[in-house]
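This report refers to the structure that appears directly beneath it.
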Amino acid sequence: MQLALLQIKSEVGAIQYNLKKHKEWVTRACVQTTDLIIFPELSLTGYTTKQANNLALTRENPIWGVFSKLSNQHNTNIIVGCPLGTIKKPKIAAFITKPQQKTECYAKHLLHVDEQPFFDNGISFKVFYIAGKKIVFFICYESFTIDAHEFINKEKPDLVLASAAKTKKAMISSYDYLQQLAKNTVTPIGIVNCVGPCEGFIGGGLSAFWDANGKLIRALAEDEGILRISLKQNSPN
């Protein structure tokens, strides 16, 4: 399985600009064979709480047809972050586009206390399968909860992936936890973060990947970039 974590800079509130940028980065990633592409948390809108209600998109929005076309064109799976519109508060969501399939949506199950006034939580954690791999997917904060740890132990996935919107300081402090989580659950873990201005903070990059022994395999710096991982026989090479 060929994995690409796309660490990009989104412009808060500028969906059409960000859409164009997503298309460009998908094309760039797919210069090489890529089975799964993951963008940061709320990548399509930029990370925002106060504007999320106005920016939220439904599952029926035609913009997902753009990603379906990209998925079919490049024969790759794409995960994009975007607020999900509901009849109540929006949800922090990840839209999962697979070749020749209907787009799926995962809503963040566990919200940080700062997000709770602006968003509703999803019902449960997400498991999906790509290229023969069982994958557990989290969105930022929930990755660092006991519930997530227990869910990984229960599901025994081949891989854990997370999208995030964190400062450099927060990412640095996350490394030890994710290293231990990978080691304790004997599961490879990857996290993709944003870079640049978000609402109230600066995304710090440092997207990274650990193997099932908790060894840091690869990490990006603070600029935009692609973190590529090749997974063979449940181990990254």
Side-chain angles (χ1 to χ4, degrees), residues 1-30 34-49 51-109 111 115 118-131 133 135-140 142 161-165 190 192-194 198 226:
M1 177 181 175
Q2 306 302 315
L3 172 67
L5 306 182
L6 271 54
Q7 180 173 287
I8 69 167
K9 180 191 298 183
S10 298
E11 184 174 321
V12 174
I15 291 179
Q16 290 304 313
Y17 169 82
N18 294 332
L19 174 60
K20 180 181 178 182
K21 191 162 192 175
H22 278 60
K23 291 166 66 177
E24 291 171 350
W25 277 91
V26 167
T27 300
R28 189 179 304 183
C30 289
T34 305
D35 296 301
L36 175 59
I37 292 170
I38 304 181
F39 286 94
E41 181 179 18
L42 296 184
S43 59
L44 194 58
T45 59
Y47 185 88
T48 174
T49 56
Q51 298 183 52
N53 192 48
N54 293 329
L55 296 171
L57 303 180
T58 65
R59 290 178 173 87
E60 294 74 29
N61 194 287
I63 206 166
W64 307 121
V66 175
F67 287 101
S68 290
K69 184 177 180 180
L70 282 171
S71 177
N72 294 336
Q73 177 184 349
H74 297 290
N75 192 33
T76 191
N77 302 271
I78 307 169
I79 300 181
V80 176
C82 182
L84 170 66
T86 72
I87 58 174
K88 297 181 180 180
K89 289 186 288 187
K91 297 179 179 182
I92 296 176
F95 288 80
I96 306 167
T97 304
K98 301 179 179 181
Q100 309 301 330
Q101 295 186 38
K102 185 177 179 180
T103 298
E104 302 175 33
C105 181
Y106 167 63
K108 190 173 185 176
H109 178 45
L111 297 170
E115 296 170 333
F118 304 96
F119 299 99
D120 280 335
N121 61 294
I123 297 173
S124 61
F125 291 129
K126 178 69 175 177
V127 175
F128 59 94
Y129 294 83
I130 290 177
K133 301 289 185 183
I135 300 170
V136 165
F137 183 78
F138 299 120
I139 301 178
C140 205
E142 59 188 5
L161 296 170
S163 61
V192 58
N193 191 30
C194 62
C198 298
I226 301 175

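All values reported here derive from a predicted model rather than from experimental measurement.
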Exercise. Any idea which heavy atoms bring Ser71 and Pro99 closest together, and the distance?
Worked result: OG-N, 2.9 Å

For this session: Of all the heavy-atom pairs spanning Leu111 and Asp120, show the shortest one and how long it is.
Result: CD1-C, 3.7 Å

Exercise. Do any N or O atoms from the side chain of Glu41 and from the backbone of Ser163 form a donor-acceptor pair under 3.5 angstrom?
Worked result: no

Exercise. For Thr103 and Arg59, what are the C-alpha separation, side-chain angles and deciding distance, and is it a side-chain contact (heavy atoms from CB on, under 4.5 Å)?
Worked result: CA-CA 8 Å; Thr103 298; Arg59 290 178 173 87; over 6 Å; no

Problem set entry | Residue pair Phe39 / Gln7, side-chain heavy-atom distance below 4.5 Å | no

For this session: For atom NZ of Lys9, decide whether the heavy atoms of other residues, nucleotides or ligands shown that lie under 6.0 angstrom number more than 12.
Result: no

Problem set entry | Side-chain touch Ile135/Leu161, heavy atoms, less than 4.5 angstrom | yes

Problem set entry | Partner of Cys82 under side chain to side chain contact (heavy atoms under 4.5 Å, CB included), chosen from Leu57, Asn61, Ile92 | Leu57

For this session: Kindly give the heavy-atom pair with the smallest separation between Val12 and Cys198, and that separation in Å.
Result: CG2-CA, 3.9 Å

For this session: Kindly give the heavy-atom pair with the smallest separation between Leu44 and Val80, and that separation in Å.
Result: CB-CG1, 4.0 Å

Exercise. Can we say Lys98 and Glu104 salt-bridge, meaning some charged N sits less than 4.0 Å from an Asp/Glu carboxylate O?
Worked result: yes

For this session: Report the C-alpha distance between Ile79 and Ile37 in whole Å, list the side-chain angles of each, state the deciding distance to 0.1 Å, and finish with yes or no for side-chain contact (heavy atoms from CB on, under 4.5 Å).
Result: CA-CA 6 Å; Ile79 300 181; Ile37 292 170; over 6 Å; no

For this session: Taking the side chain as every heavy atom from C-beta outward, state whether Leu70 and Ile78 have any pair of such atoms under 4.5 Å apart.
Result: yes

Exercise. Between Phe67 and Phe95, does the ring centre distance come in under 6.0 Å?
Worked result: no

Exercise. Is the shortest heavy-atom distance from the side chain of Pro90 to the side chain of Leu84 under 4.5 Å?
Worked result: no

Exercise. Taking Ser10 for the side chain and Ser43 for the main chain, is one N or O donor matched with an acceptor at less than 3.5 Å?
Worked result: yes

Exercise. His74 and Thr34: side-chain donor and acceptor closer than 3.5 Å?
Worked result: no

Problem set entry | Ser68 side chain to Trp64 backbone, donor-acceptor under 3.5 Å | yes

Exercise. Between the side chain of Asn77 and the main-chain N/O of Leu36, is any donor-acceptor distance below 3.5 Å?
Worked result: no

For this session: Considering non-hydrogen atoms only, spot the tightest contact between Ala29 and Ile226 and give its length.
Result: CA-CD1, 3.9 Å

Exercise. What's the spacing between Cys194 SG and Tyr47 OH if we round to 0.5 Å?
Worked result: 10.0 Å

Exercise. In this structure, which one of Lys91, Lys108, His109 forms a side chain to side chain contact (heavy atoms under 4.5 Å, CB included) with Ile139?
Worked result: Lys108

Problem set entry | Pair Glu11 + Lys21: basic N to acidic O under 4.0 Å | no

Exercise. Which value, rounded to the nearest 0.5 Å, describes the distance between Asp35 atom CG and Asn75 atom CG?
Worked result: 8.0 Å

For this session: To the nearest 0.5 angstrom, please state how far the CD1 atom of Ile8 sits from the CG atom of Asn193.
Result: 11.5 Å

For this session: Drop me the distance from Ile15's CD1 to Ile63's CD1, to the nearest 0.5 angstrom.
Result: 6.0 Å

For this session: Calculate, to the nearest 0.5 Å, the distance between atoms CD1 and CG belonging to Ile123 and Asn121 respectively.
Result: 9.0 Å

For this session: If the plane angle is over 60° it's perpendicular, under 30° parallel, otherwise tilted; pick one for Phe128 and Phe137.
Result: tilted

Seminar exercise, completed: Rounded to the nearest 0.5 Å, the CD atom of Gln73 sits from the SG atom of Cys30 at a distance of 8.5 Å

Exercise. Minimum heavy-atom separation for Pro40 to Leu6, with atom names?
Worked result: CD-O, 3.2 Å

Exercise. Val136 versus Phe125: any side-chain heavy-atom pair under 4.5 Å?
Worked result: no

